[in-house]
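Data first, discussion second: the structure below is written as structure tokens.
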Amino acid sequence: MAPPREEPAGAPRPAKGALTPRQQDFPRWYQEVVARAELADNGPVRGTMVIRPWGFAIWERLQAALDGRIKAAGAENAYFPLFIPESFLRLEAEHVEGFSPELAVVTHGGGKQLEEPVVVRPTSETVINSYFAKWVQSHRDLPLLINQWANVVRWELRPRLFLRTTEFLWQEGHTAHATEADARAYALRILRDVYVDTMERVAGIPVVTGHKTARERFAGATRTWTCEGMMGDGKALQMGTSHELGQNFARVFGIQYADEQGVLQYAWQTSWGVSTRLIGALVMAHGDDAGLRLPPDLAPVEVVVLLVRDEGGARAAATQLVDELVAAGHRVRLDDRVDTSFGRRSVDWELKGVPARVEVGPRDLAEGIVTVVTRHDRSKSSVPVGGATVAVSEALAATGAALYDEAAATLARRTTDVVDPSQAAEAAAGGFVRVPWAALGTDGEAALAAQAVSVRCLQTADGSLADADTPEEDLVAVVARAY
RNA sequence: CGGGGAGUGGCGCAGCUUGGUAGCGCGCCUGCUUUGGGAGCAGGAGGUCGCCGGUUCGAAUCCGGUCUCCCCGACCA
């Protein structure tokens with residue numbers, strides 16, 4: 001036990017090397033967690049990102065959870081090219097208008113200037129739809145449900161690791177349907193069965209859902225559905241969107257099918273995506289002053305067995321415990337770096353967010369016990385050696401629920417209702433604000449924008465999704481500051 | 001585009017006003033002692049002080065230019 005360091009009288013200083021407390025400077029805390037949990041580094045080109053093994057392992061688990069649900073919804077994976085003819089982007093007026101400022105354009109290749117510049121995809125609507133036009137001929141070809149895992153590039157002027165980077169990884173789904181109703185139903189199915197389900201049940205982040213205002217809508221979409229999460233500082237993060245594209249792209253790219261009567265019809269389409277931004281959401285929604293807190297389903301390592309000292313049979317006991325935990329189906333790591341101090345190792349695993357830790361040392365072992373520590377509340381309990389595996393399983397199950405419950409409580413506590421739009425901006429300083437859309441309107445939305453507050457989504461008074469025929473005056477706007 | 005700030009070892013910074021060829025914390029390497037909550041001691045490695053030019057016997061420091069980054073505003077979404 002180290003004696004407390006001499007500190008000058010006055011305000012308590014954080015321990016040497018501690019993270020900046022969230023309340024003191026949330027953005028700085030975020031940067032420090034990303035760096036010290038070894039999630040990512042900045043790339044050599046401004047705005048680019050190196051995803052480190054710990055961060056990438058989290059992404060792989062998110063990817064697996066999403067991919068399984070996407071396939072369960074009937075979509076198939078495919079891959080389309082990184083390079084898109086610049087002319088494709090220009091075909092859909094709103095689309096190109098939305099993206100042109102952030103396009104990376106390749107003007108040279110093979111040592112000479114290209115006749116037609118090539119853009120690096122900011123999204124693949126245009127390329128994919130040009131092929132949909134070839135593949136869709138008959139109503140029997142519909143629905144056509146395609147997903148791709150890819151990188152995209154949007155030149156960002158204010159990059160932040162995971163949240164807004166020039167290049168990021170994502171999944172983009174693109175579908176074509178025979179009817180508007182079918183397209184809408186599918187966009188909503190993806191929103192609920194894939195996105196909300198993954199975010200809430202796997203990532204443990206409760207989300208607010210609704211549709212975007214015209215101002216916030218995806219360029220080229222007729223309706224954009226969104227999942228908005230609340231971060232630890234009360235700001236909103238758009239975590240995933242599912243778009244109804246109407247027939248906008250179908251008309252431009254000529255995606256037509258012969259219906260049962262042999263009459264040519266334009267297809268109705270959707271597109272939907274989530275990205276590595278979700279890792280940023282995980283950090284900001286669950287993290288605390290000790291670092292990251294990972295839901296067990298996404299943790300690369302669920303439980304670390306920490307050998308306190310290599311004495312008194314502790315190593316053998318630790319090794320055996322690792323075997324038992326693996327046999328019980330857990331992802332386990334043994335930390336036997338006994339030349340590094342106990343405190344350092346504990347702190348490091350807490351920074352990385354590993355949900356459970358078992359400390360195996362000679363002192364406990366002499367009494368036939370080990371210490372089980374749960375990350376989410378940093379609680380410790382002594383359990384008999386033989387009961388450690390069961391205790392860990394229980395701790396992991398409790399962690400998943402606890403993280404969700406905590407986030408849901410924060411969301412509820414920091415969401416307020418106002419009736420007067422003039423109160424919205426001030427109320428949004430601390431979280432989400434629900435204000436009647438009829439009272440706010442597009443003018444109110446513009447006024448809020450001047451104060452860095454945006455309408456995150458529109459929903460019904462009871463918080464559910466609006467039907468196609470829900471009157472505008474029945475809608476509620478959820479407004480917040482956002483990342 | 002306007003205003004403000006900053007470029008010094010992997011990271012964070014001091015030194016600059018009053019020129020004398022670089023220092024601190026963390027991290028890193030080696031050894032010993034430690035190890036139940038960010039270990040201690042000793043010894044080391046690592047920097048053409050963003051870049052170009054000028055003044056000077058001598059420039060991180062003074063002067064001119066230039067590049068980059070950050071913050072605020074504007075613009076855009």
Side-chain angles (χ1 to χ4, degrees), chain A residues 1-7 13-20 25 27-28 31-38 41-48 50 52 94-103 122-123 154-160 164 212-221 224 226 238 241 289-291 304-312 314-315 317-318 335-352 357-367 369-373 375 378-382 442 445-446 448-456 482-483:
Chain A
M1 241 188 294
R5 298 194 311 141
E6 292 283 354
E7 295 289 0
R13 309 182 69 84
K16 185 167 53 175
L19 290 168
T20 299
D25 188 342
R28 184 166 178 179
Q31 285 188 300
E32 290 177 359
V33 172
V34 168
R36 294 177 55 182
E38 300 182 344
D41 262 343
N42 282 305
V45 172
R46 178 174 159 74
T48 61
V50 175
R52 302 183 65 179
E94 281 187 43
H95 192 62
V96 67
E97 193 182 324
F99 279 108
S100 57
E102 47 195 42
L103 290 181
T123 174
R154 300 175 185 179
W155 214 262
E156 288 291 350
L157 299 177
R158 299 208 189 288
R160 302 189 65 182
R164 179 174 287 114
K212 291 290 188 183
T213 61
R215 185 189 179 93
E216 301 282 339
R217 194 193 290 148
F218 173 69
T224 290
T226 182
Q238 177 176 301
T241 47
D289 285 349
V304 58
V305 174
L306 196 154
L307 176 61
V308 178
R309 275 184 291 156
D310 191 0
E311 295 169 14
R315 179 178 292 275
D335 182 350
D336 61 353
R337 301 170 298 163
V338 290
D339 50 339
T340 300
S341 79
F342 171 82
R344 161 54 59 103
R345 290 184 289 151
S346 301
V347 164
D348 281 351
W349 290 117
E350 284 169 8
L351 261 171
K352 287 181 169 252
R357 179 168 81 246
V358 186
E359 300 169 358
V360 181
R363 207 160 75 198
D364 282 352
L365 226 41
E367 300 172 37
I369 59 175
V370 293
T371 301
V372 175
V373 190
R375 173 65 183 90
R378 301 177 83 188
S379 67
K380 294 191 175 193
S381 58
S382 296
T442 51
E445 183 182 21
L448 286 177
Q451 298 168 76
V453 174
S454 55
V455 176
R456 304 316 303 157
Y483 281 100

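When the C1' atom is compared between B/C13 and B/C49, the two are found 13 Å apart, to the nearest whole Å. For the C1' atom pair drawn from B/G23 and B/C63, the interatomic distance equals 26 Å after rounding to whole Å. Only the C1' atoms considered, B/A6 is 14 Å distant from B/A14, to the nearest whole Å. Distance noted for atom C1' between B/C72 and B/U55: 37 Å (whole Å). If you take atom P in B/A59 and the same atom in B/G50, they sit 15 Å apart, rounded to whole Å. For the C1' atoms, the distance linking B/U34 with B/A42 amounts to 15 Å, nearest Å. B/A77 sits 47 Å from B/G37 when the C1' atoms are compared, rounded to a whole Å. On the P atoms, B/G4 is 37 Å away from B/C26, given to the nearest whole Å.
Note: CG (A/D336) to P (B/U35) measures 18 Å, nearest angstrom. With rounding to whole Å, A/I369 atom CD1 is found 11 Å from B/G36 atom C1'. When the C1' atom of B/C26 is taken as reference, atom CZ of A/R344 falls 10 Å away, rounded to whole Å. Going from atom CH2 of A/W155 over to atom C1' of B/C76 covers 18 Å, rounded to whole Å. Here the P atom of nucleotide B/U35 and the CG atom of A/L306 are 16 Å apart, to the nearest Å. In this entry the distance linking CZ of A/R337 with C1' of B/G38 reads 13 Å, nearest Å. Atom-to-atom, CG of A/L351 to C1' of B/G37 comes out at 13 Å; the value is rounded to the nearest Å. Here the C1' atom of nucleotide B/A39 and the CG atom of A/D348 are 14 Å apart, to the nearest Å.
Between A/L19 and A/A290, the shortest heavy-atom contact is CD1-C, 3.7 Å. Residue A/A482 comes nearest to A/S454 through the heavy atom pair CB-OG, 4.1 Å, listed as atom of the first residue, atom of the second, then distance.
Considering only the side chain of A/R357, B/G37 comes nearest among B/G37, B/G38, B/U35. Side chain of A/V373, nearest nucleotide from B/G36, B/G38, B/G37: B/G37.
Residue A/R217 is out of contact with every strand shown, counting any heavy-atom pair closer than 4.0 Å. A/R154 comes within 4.0 angstrom of no nucleic acid atom, judged by non-hydrogen atoms across all strands.
Legend: residues meeting side-chain contact (heavy atoms from CB on, under 4.5 Å) with A/R52, ordered by chain and number and at least two apart, are A/E38, A/D41. By the side-chain contact (heavy atoms from CB on, under 4.5 Å) test, A/D25 pairs with A/T20, A/P27, A/R28, sequence neighbours left out. Scored by the side-chain contact (heavy atoms from CB on, under 4.5 Å) test, A/V370 finds A/V358, A/V360, A/L365, A/V383, A/V385, A/A388 as partners (sequence neighbours excluded). With sequence neighbours left out, the salt bridge (charged side-chain N to carboxylate O under 4.0 Å, His left out) criterion links A/R344 to no other residue. Residues passing the salt bridge (charged side-chain N to carboxylate O under 4.0 Å, His left out) test with A/E156, sequence neighbours excluded: A/R164.
An OP1 or OP2 oxygen of B/U35 is reached within less than 4.0 angstrom by no side-chain nitrogen or oxygen of A/S341. Look at A/R28 and you won't find any side-chain N or O under 4.0 angstrom from OP1 or OP2 of B/C71.
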After noting the C-alpha distance and the side-chain angles of A/R315 and A/D336, does the key distance pass the side chain to side chain contact (heavy atoms under 4.5 Å, CB included) rule? CA-CA 8 Å; A/R315 179 178 292 275; A/D336 61 353; 2.9 Å; yes
Run the side chain to side chain contact (heavy atoms under 4.5 Å, CB included) test on A/T241 and A/F218 for me, step by step, so that the C-alpha distance in whole Å, both residues' side-chain angles and the decisive distance to 0.1 Å come before the verdict. CA-CA 9 Å; A/T241 47; A/F218 173 69; over 6 Å; no
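Closest-nucleotide positions on RNA chain B for A/R215 and A/R345 were compared, and the one nearer the 5' end corresponds to A/R345. Between A/P159 and A/E216, the one whose closest nucleotide on RNA chain B sits nearer the 5' end is A/P159.
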Treat a base pair as Watson-Crick or G-U wobble with both distances under 3.5 Å, then lay out RNA chain B in dot-bracket form, 5' to 3', with | for cross-strand pairs. ((((((((.[[[[.)....(..]]]].((((((.....)))))).....[[[[[..)....]]]]])))))))....
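Looking at A/K380, its side chain comes within 3.5 Å of the base of B/G37 through a donor and an acceptor atom. A donor-acceptor contact under 3.5 Å is formed by the side chain of A/E350 with the base of B/G37. The base of B/G27 does not come close enough to the side chain of A/R36 for any donor and acceptor atom to sit less than 3.5 Å apart.
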